[in-house]
Structure formats: C-alpha cells, structure tokens
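When a residue number appears, it is its place in the shown sequence, counting from 1. This one's a predicted model, so the numbers in the text were calculated from it and none came from an experiment.
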Amino acid sequence: MDLLDTLTAKGLRGEVPTREEALAVLATTDDELLDVVAAAGKVRRRWFGRRVKLNYLVNLKSGLCPEDCSYCSQRLGSKAEILKYTWLKPDQAAEAARAGVAGGAKRVCLVASGRGPTDRDIDRVTDTMAAIKDADPEVEICVCLGLLSDNQAERLKAAGADAYNHNLNTSEGTYGDIATTHTYADRVDTVQKAHGAGLSACSGLIAGMGESDEDLVDVVFALRELGSDSVPVNFLIPFEGTPLAKEWNLTPQRCLRILAMVRFVNPDTEVRIAGGREVHLRSMQPLGLHIANSIFLGDYLTSEGQAGQTDLDMIKDAGFEVEGAGEATLPRHRADVAEAAQAGGGCGTAASACGSGGGCGPCGGHAHAPSSSAAQASSDSSAAQASPAAPAAESSGDELRSDLVKVRRRGAGTELAPNA
C-alpha cells in the first residue's frame, strides 16, 4: 500500500506525516490491519528496538474531585462505586511504590484527584517523593496532580520529580463537551508550565467516546506541537454512574488503528498503551506492543487490570523485553535535548524539544514477581469526547462488554495487597 510505504519511510526518518495521511490510517479496513501494524512496528523498532517500558501507579488520593469531566469515575456527581480516600501518608505511598520498584518498574507515577494542588499538597508530594527516592534514588517519578499554578512545577522539579502528566484528552473543538469546570486552554497551560520548568512533559488522550477521526488527529497533532515526549493513549472505560457509561464505541481493530496513527505522528516519542487496554484490546493486546513501547501494568486508578505477571508473560511471549533501569527510553537525539533542558531549567514548547526519556500517562502500575505485582494505572486523567457529529459506534449493543469493567478494591488505600 502506497500510504503505508510513505508513512514507514517518513517514520524511519523521524518525519511527521501530513494530517491527511494520519486520517487515512484511521480509515483503513480490517483487511489491511496487519499491514498497518507491521508498518507502525517498523517505525517503533527503529527508535525503540524491542524494549517495553514499565510504569507503576500510586494513587495518592481517590475520588472526591470537584471537576465535572464526563469520562471520569471520580468526577463531581459520579455515582460510580469506586474507592474514595484522602491523601496517603508518605510512608504509605512509599510502601505502595516499593511493590512496583521491587518488581522492576522503572517509573513510579504519583496521581491525585482534584482540580489542582495547593501549596500544602505540593509539600505532601515532596515528602512522598523523598520517601520513595530514599529507598531507590534511581527510580523515575512522574507526578499528576491536575492544573498547576505559577511556580508549582519548579517546586516539583526541585524536589526531584522527573516528569509531569497532564493530558489534553481530546480536541480543542470538542473539549467543552466533556468538561465545563476548566478549559482546554487550562490544560495546555499546565503542560507548558511543566515543560518550562524542565520536567518531562507527559500528555495524551483517551479515545472511545464517539469522537470523530478528525478529533483524534487534531489532539495527536496538538500533543506533538506541545512537545509531549510521552503520549499515553487511553481507551475509555465506561463506568456505570458516569455520563458516558453507555459509550462502548471501540473494537480491538479500532484501537490498533488509533495506536498506529499516534505512532506515525510521534515516530521517536514514547507511546504508551494506558487505561482501557484490557477492556478494549482484549486478546489482541500483544499486537499493541508492536506499536507502543510503553505500558501500564496491573490495576488502574479506579478499575482493575489483569495480573501484572500476566502482562510480563505477554511481553516475553510476544518477543519483547522489559526496558532496564539504566536504559534511556527516548532516542539519543531527544534525550540530549532533554538533559540540556533539565540542566537549564526549561525548554519552551517546541515539538521535539524535551523529554527525560519517559513520562507517565494516566499512570499505571508494574509488577515483576507475583508477590509484588502491579498496583494501578490511571485512565482517569485523560479522555476524548464525542463531537456532535460523531460517527456511529463500531460495536453494536449486542457486543458490549461491560462485564470487563471491575472497580479496583486492592492496592493503595486498601487493606489488600496490590495486583499479585
């Protein structure tokens, strides 16, 4: 196929496709799916080999959010029967993180629900990062606390944070359909604040709310322009008790096409399969590893994932290997710029400007051994929303798999061990 030959050649050179080419990827047929995966896989291997980066989530504060994001089980007015608890103490969070680090996680992702942190919240997270770094000084830490105020990114950077996650979720044109308590511009501003402070910018999306192909392409190109060096791709988990509970619009084939489009637009950027992986890719998850070079393992913020050991077995069986703590995630040409930016304390917003070699999307958990499996990853801090002119869902009501959505009852904030 001429399209895939063109996209592969561009990706191998680190070039970005046109918007029309990205749209064409989403329009390919199921008969062409394996060709699409193979083409994206060539680009993935060019820049990341066969490595898979693992990330581990610690949910510092669950539920109780004043924002009204339609996709979120923690939103204001949500009737989803999720865990709700206020801030974990630093020693509790550090203990939760140890499960992932002991299992081989390279990055710990610290997430808290809410509009954004107070200065006291920054102090809490600073103490938590110190407790985690005391146990393992080499572990990467990504923080996800919502909208940042002036100087908060600098404080997190000075305290030892490596990255900040804040997702754009969907296109600017449809953002008002999913949230009214903050704006798309607010989210862009937070990514720019984190980037300007020298933090690795981690920002992504969630697909699956009936959004158009144009919406998906818009947000992915916006992420590229913002300089996100880690792009988590989330697939909506339709929680009962949220406005989007009936939005079952994805098939495994659709998910793979979306991942491939993101890879072609971000050939040398970390692409992560994030929330909703088990629910929507199901038995086709291994094919996703041929496109993405990073995953969340174990449970998510408010839903349960498959066993961490099962994920590790999948990585091995698919012919991939877990990325080691001493290996740089991003290609050298991007890592060099990232290191200079971090040393200088900022780097602007150029598309290829920054990155520490990772980023945690709506963060996830990792486990290597059965006794210390993954805790959580988040699908919560990202989403893509349906536009008024959205196409019909790809799966009919007879094919809905709501039985796959299981509320998290283990790990951080509970008396039960993480996903083992």
Side-chain angles (χ1 to χ4, degrees), residues 1-29 32-53 202-205 207 213 216-217 219-233 235 252-274 277 281 284-295 315 318-323 327-338 351-355 357-359 361:
M1 180 189 293
D2 290 342
L3 169 68
L4 295 181
D5 290 341
T6 298
L7 290 170
T8 301
K10 285 186 174 183
L12 294 177
R13 295 193 299 267
E15 297 177 7
V16 179
T18 66
R19 192 173 185 279
E20 291 70 26
E21 289 167 340
L23 284 167
V25 173
L26 297 178
T28 54
T29 68
E32 299 165 317
L33 182 63
L34 290 181
D35 293 328
V36 172
V37 172
K42 289 180 181 178
V43 177
R44 179 245 201 270
R45 291 191 299 276
R46 163 68 176 86
W47 300 105
F48 301 97
R50 303 191 73 82
R51 305 188 314 275
V52 177
K53 182 174 182 176
C202 173
S203 189
L205 65 143
D213 287 357
L216 288 171
V217 170
V219 69
V220 173
F221 271 86
L223 291 166
R224 178 77 189 185
E225 291 167 5
L226 265 180
S228 179
D229 52 32
S230 177
V231 179
V233 181
F235 303 110
Q253 294 85 357
R254 171 74 168 169
C255 293
L256 289 170
R257 282 191 285 270
I258 292 169
L259 286 171
M261 183 271 288
V262 175
R263 170 56 70 202
F264 288 129
V265 177
N266 298 275
D268 56 355
T269 298
E270 180 183 353
V271 174
R272 181 175 299 117
I273 313 176
R277 166 168 60 90
L281 279 171
M284 296 179 73
Q285 291 179 63
L287 286 180
L289 296 177
H290 288 271
I291 304 171
N293 62 294
S294 179
I295 64 173
I315 292 169
F320 293 90
E321 60 187 23
V322 173
E323 183 173 290
E327 296 180 277
T329 301
L330 291 183
R332 188 68 257 170
H333 68 279
R334 287 183 62 95
D336 285 343
V337 175
S352 61
C354 273

If you define the side chain from C-beta out and look only at heavy atoms, does anything of [X] sit under 4.5 Å from [Y]?
X      : Y      : result
Leu289 : Ile295 : yes
Val37  : Leu259 : no
Glu32  : Thr29  : yes
Leu33  : Met284 : yes

Hits for side-chain hydrogen bond (donor to acceptor under 3.5 Å, both in side chains) against Arg13, two or more places apart or cross-chain, chain-then-number order -> Glu15
Nearest 0.5 angstrom please: [X] [atom1] to [Y] [atom2], how far?
X      : Y      : atom1 : atom2 : result
Leu23  : Leu216 : CG    : CG    : 9.5 Å
Arg50  : Glu321 : CZ    : CD    : 9.0 Å
Asp213 : Arg257 : CG    : CZ    : 9.0 Å
Leu226 : Phe221 : CG    : CZ    : 14.0 Å
Cys255 : Ile291 : SG    : CD1   : 10.5 Å
Arg263 : Leu7   : CZ    : CG    : 13.0 Å

For the pair Glu270 and Ser294, evaluate side-chain hydrogen bond (donor to acceptor under 3.5 Å, both in side chains) and give the outcome as yes or no after the intermediate values. CA-CA 7 Å; Glu270 180 183 353; Ser294 179; 2.8 Å; yes
Closest non-hydrogen atom pair, [X] against [Y]:
X      : Y      : answer
Pro267 : Trp47  : O-CD1, 3.0 Å
Ile273 : Leu281 : CG2-CD1, 4.1 Å
Pro286 : Ala318 : CB-CB, 4.4 Å
Val25  : Phe264 : CG2-CD1, 3.9 Å
Thr329 : Arg51  : O-NH2, 3.2 Å
Ala260 : Val36  : CB-CG1, 3.5 Å

Evaluate the side chain to side chain contact (heavy atoms under 4.5 Å, CB included) criterion for residues Leu223 and Val262: first the C-alpha distance (whole Å), next the side-chain angles of each, then the deciding distance (0.1 Å), finally the verdict. CA-CA 10 Å; Leu223 291 166; Val262 175; over 6 Å; no
Thinking salt bridges, do Arg224 and Asp268 make one under a 4.0 Å N-O criterion? yes
Yes or no on side chain to side chain contact (heavy atoms under 4.5 Å, CB included) for Leu26 and Arg254, after CA distance, side-chain angles and deciding distance? CA-CA 8 Å; Leu26 297 178; Arg254 171 74 168 169; 4.2 Å; yes
Lys10, NZ: over 12 other non-hydrogen atoms inside 6.0 angstrom: yes
For Lys42 and His290: C-alpha separation, side-chain torsions, deciding distance, then whether side chain to side chain contact (heavy atoms under 4.5 Å, CB included) applies. CA-CA 8 Å; Lys42 289 180 181 178; His290 288 271; over 6 Å; no
Any donor and acceptor pair, going by atom type alone, linking the side chain of Ser203 with main-chain N or O of Ser228 inside 3.5 Å? no
Hey, is the main chain of Gly11 close enough, under 3.5 Å, to the side chain of Arg46 for a donor-acceptor pair? no
Stepwise side chain to side chain contact (heavy atoms under 4.5 Å, CB included) test for Val271 and Arg44: CA-CA 9 Å; Val271 174; Arg44 179 245 201 270; over 6 Å; no
